[in-house]
Amino acid sequence: MFASNLDTPLVYLKGVGPKRAELLQKELGITTYEQLLHHYPFRYIDRTRFYKMNELSEDMPVVQVIGKISTKEVIGEKHKKRIVAKFTDETGTMELVWFQSLKWVEEHILKGSTYIAFGKPNLFNHSFSISHPDMEMYPRQVGVTGNLTLQPIYNATEKLKRIFLDSKGIQKLIHHIIELHINEVRETLPNYILKKYKLISKKQALLYIHFPKDTFTLQQAERRLKFEELFFIQLQLLHNKQMRSLKFKGALFNTVGDKINTFYTKVLPFELTNAQKRVIKEIRLDTQRGIQMNRLIQGDVGSGKTVVALMSMLLANDNGYQACMMAPTEILARQHYHSIASLLNNDLAKVAILTGSTTKKQRTLLHQQLELGEIDILIGTHALIEDKVKFKNLGLVVIDEQHRFGVEQRAKLWRKNNIPPHILVMTATPIPRTLAMTLYGDLDVSVINELPIGRKPIETKHLYEGQRLRMFGFMKQEIAKGRQVYIVYPLIKESEKLDLLHLEAGVEQMRYQFPLPDYQISIVHGQMRNADKAYEMQRFIDGKSQIMVATTVIEVGVNVPNASVMIIENAERFGLSQLHQLRGRVGRGAEQSFCILMSSAKLGPNSKLRLETMVKTNDGFEISEIDLQLRGPGDITGTQQSGVLELKMANLAKDQVILQEARNTVIELFEQDAMLEKAENVLLKNYLEKRRRAIAFDKIS
Ligand code: ADP
Ligand code: MG
């Protein structure tokens, strides 16, 4: 038999035969009673609200009307055959129409009786009709689950609907399960947690999520199920983190030695911001505890992450360890190498670079020097993680722009030393707190939420197409001051050809406004050969061209400090985070920088909000929060692989408070009962054990 009745396969449920069971599995991935119980409604319809016929309007999604069937007739032949009934209340008359199940309608919908009809009203020839209305006797029958005021609506696919497993059909099945088995639903959360957060029991929650008595019970059910969902994610993440720290010892960086001291007092050309100081301190504390550090630094473009990384690497050096830093592209690796090497002047530490274009001869030498410990800091691309690259004693790995490095690649790094090196991941893509807690919940997160002082915030303006001449005038003025300008066009796969035409038309207009020989224009887009792109890019970097017209291919991290104007065409077509990234290409030099968002005059509410947000703030974190509200987590980098999107109930854009509660609960839990040995936590211990076995099993099979 099955461990519990809820594990019973659906074939055994009343109303489900082999065919329905098979389709439920195929279409919704549901095979057991338990899984069907966890198939939640995606919305509810308020069935306490009734409309009079004279209140109907065409834009109403669904309505309930009480009326009497005054006539009923069969019209048409064969496949055009239908039943049309006149449905009347004291304010007017409408039509109800059926094309299918005519026999049922003949027998059950009776002339002269009063019903509640429910469905989408359509307007035709000045009169309303509903086709295939849901019909209920009026007054309403009281069912097993009490008076239904909020009708649950379930996801069902076309195939399921064809075998009558539409929303109503699914509701019926769930009703059966609840009637027979609701008492077998077991609690998953310890009692003291339920009490502390005033959560209803699992059993009640499942009952109310499917058959809410009213909005209050529905809210209670939702809160309980959201909490549970987020709680178990946090439990797993923080458990993993704890296990890792028990399993892996970390290199001890106890000494703040000569290198870092000299750098700080003599070399560093500026004062660190408070945020930078705070993060360095966090890293210092992490690396003195004897456990391996796994820390993520989030900091907007220009917040000064590199120097934090450098000081951490010097700290490693001071304690007799080597350090390395990985960048996602060759350009970025070179940039880091040059700025770090020139700061250190080969004096404080020996710095080297390794990328795909390092020659074989250089490589051989480098490998030797690394193994002998003659190189202190190695900077490079993913060429660093090749197995051939061995260190004498690697203590710290810095990964810049983490999104492009997978778990596998990171694991490779770990194996480069007996004690796995400390890991510092840096990202310039601010992500909202709720997402960070979930995506990176097993890492420690530091935030550099402050730009160096004296940085002039980029001024952002939104101009409409009609103001284009103003934009050109402004460009001329800035170029006359010696500055350079980016103009970015959207280009997406679906409308690639048209997009390129727009870009070309734009360039045409530009040449008219900015004639040769006074102005040079560089053009870069995805359809050009790499060599041509590089050539055009270089002309701009060297200051030979003043204007760079490009699609979004312009490399992340490209640094042209003299470029101080970013113009984004059709800005309404870009997402917020992309606009923010593009804007980050300017504001890198001493000059006041500008961003101009060009858009058509007609904007939808979301586009408008995006552009307004850009004008209002330069703060990447604020922008990421609004982005999450607008788009949901699905479109935000990093979420795709993370399982965040499989959340059934919780919504990371909306449920920040519950998420924080869930995380705090788990943190407290591990503080008080690290190994989950207390009797009150046995449910949680069992949960983790079950998961561990499931994962182990997955690996074998
Ligand atoms: P990002 O966080 O985008 O990687 P960088 O580390 O490249 O930023 O720093 C951007 C610029 O700011 C660099 O030129 C760097 O030297 C400078 N910088 C970093 N920290 C400070 C500071 N505290 N005061 C002044 N300038 C700073
Ligand atoms: Mg950087």
Side-chain angles (χ1 to χ4, degrees), residues 13-20 23-24 45-58 60-145 147-149 151-154 156-176 179 211:
L13 185 65
K14 189 171 123 197
V16 184
K19 192 171 159 210
R20 283 181 155 192
L23 261 193
L24 280 166
I45 292 169
D46 186 353
R47 299 210 74 164
T48 55
R49 176 79 165 93
F50 293 94
Y51 289 84
K52 295 287 175 207
M53 308 231 177
N54 66 359
E55 289 175 320
L56 299 183
S57 79
E58 217 182 350
M60 293 176 171
V62 278
V63 292
Q64 294 189 105
V65 188
I66 301 171
K68 196 183 255 178
I69 303 284
S70 49
T71 66
K72 189 176 90 172
E73 45 185 342
V74 182
I75 301 179
E77 291 284 324
K78 300 222 167 120
H79 66 278
K80 286 202 175 149
K81 195 165 155 185
R82 59 193 187 275
I83 293 179
V84 178
K86 289 238 182 299
F87 194 53
T88 312
D89 71 3
E90 70 274 19
T91 70
T93 295
M94 67 188 298
E95 281 187 351
L96 305 177
V97 187
W98 289 268
F99 300 91
Q100 286 161 13
S101 315
L102 298 190
K103 190 155 170 270
W104 184 89
V105 177
E106 283 283 7
E107 285 168 13
H108 291 87
I109 304 300
L110 307 174
K111 196 174 144 187
S113 296
T114 305
Y115 294 91
I116 303 167
F118 177 80
K120 160 99 187 104
N122 300 305
L123 187 60
F124 186 72
N125 274 348
H126 306 291
S127 85
F128 281 100
S129 67
I130 298 179
S131 27
H132 284 274
D134 257 11
M135 300 296 281
E136 257 184 276
M137 289 297 285
Y138 182 83
R140 205 167 245 167
Q141 317 283 306
V142 178
V144 200
T145 46
N147 240 347
L148 195 61
T149 54
Q151 185 192 347
I153 304 294
Y154 296 90
T157 62
E158 281 310 313
K159 280 187 185 159
L160 285 170
K161 283 180 192 162
R162 250 179 266 145
I163 53 167
F164 302 106
L165 287 178
D166 54 1
S167 175
K168 267 238 160 135
I170 290 175
Q171 188 189 2
K172 231 185 229 163
L173 297 186
I174 292 176
H175 192 187
H176 288 326
E179 256 182 332
F211 297 99

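Here the structure is a predicted model, which is why all the values come from computation and not from measurement.
Side-chain contact check for Tyr115 versus Met137: some heavy-atom pair is nearer than 4.5 Å. Contact of the Leu24 side chain with the Leu173 side chain is registered, since non-hydrogen atoms from C-beta on lie closer than 4.5 Å. Put simply, the side chain of Glu95 does not reach to within 4.5 Å of the side chain of Phe124, judged on heavy atoms. Residues Phe87 and Ile69 meet the side-chain proximity criterion, which asks for heavy atoms closer than 4.5 Å. In this structure, Leu56 and Val65 have side chains that are in contact, with non-hydrogen atoms separated by less than 4.5 Å. Looking at heavy atoms from C-beta onward, Met135 lies in side-chain contact with Leu96 at the 4.5 angstrom threshold. The shortest distance between side-chain heavy atoms of Trp98 and His132 falls below 4.5 Å.
The CD atom of Glu136 sits 10.5 Å away from the CD1 atom of Ile66 when rounded to the nearest 0.5 Å. Expressed to the nearest 0.5 Å, how far NZ of Lys86 lies from NZ of Lys111 amounts to 12.5 Å.
Partners of Ser101 by side chain to side chain contact (heavy atoms under 4.5 Å, CB included), not counting sequence neighbours, listed by chain and number: Trp104. Not a single ring pair (Phe, Tyr, Trp, His ring centres under 6.0 Å) links His176 to another residue, sequence neighbours left out. For Glu58, the side chain to side chain contact (heavy atoms under 4.5 Å, CB included) partners are Leu123, not counting sequence neighbours. Looking at residues two or more places apart in sequence or on another chain, you find no side-chain hydrogen bond (donor to acceptor under 3.5 Å, both in side chains) involving Gln100. Residues satisfying the side-chain hydrogen bond (donor to acceptor under 3.5 Å, both in side chains) criterion with Lys81, sequence neighbours excluded, are absent altogether. Under the rule for a side-chain hydrogen bond (donor to acceptor under 3.5 Å, both in side chains), the partners of Thr91 that lie at least two apart in sequence or sit in another chain are Asp89. Under the rule for a side chain to side chain contact (heavy atoms under 4.5 Å, CB included), Ser127 has no partner lying at least two apart in sequence or in another chain. Under the rule for a salt bridge (charged side-chain N to carboxylate O under 4.0 Å, His left out), Glu106 has no partner lying at least two apart in sequence or in another chain. Among residues two or more places apart in sequence or in another chain, the side chain to side chain contact (heavy atoms under 4.5 Å, CB included) test is passed with Ser131 by Val97, Phe99, Asn122.
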Show me the side-chain donor-acceptor pairs of residues 157-168 shorter than 3.5 Å, one per line, residues at least two apart or across chains.
unit_1	atom_1	unit_2	atom_2	d
Thr157	OG1	Glu27	OE1	2.6
Thr157	OG1	Leu160	N	3.4
Asp166	OD1	Lys168	N	3.4
Asp166	OD1	Gly169	N	2.9
Ser167	OG	Tyr154	N	2.9
Lys168	NZ	Asp134	OD2	3.3

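Note on residues 61-80: no pairs pass salt bridge (charged side-chain N to carboxylate O under 4.0 Å, His left out), not counting sequence neighbours.
Shown here for Leu110 and Glu107, the closest heavy-atom pair between the two residues is CD2-O, 3.5 Å.
Using cut-offs of 30° and 60° on the angle between ring planes, the pair Phe211 and His175 is tilted.
Side-chain N or O atoms of Thr114 include none that pairs as donor or acceptor with a backbone N or O of Tyr138 at under 3.5 Å.
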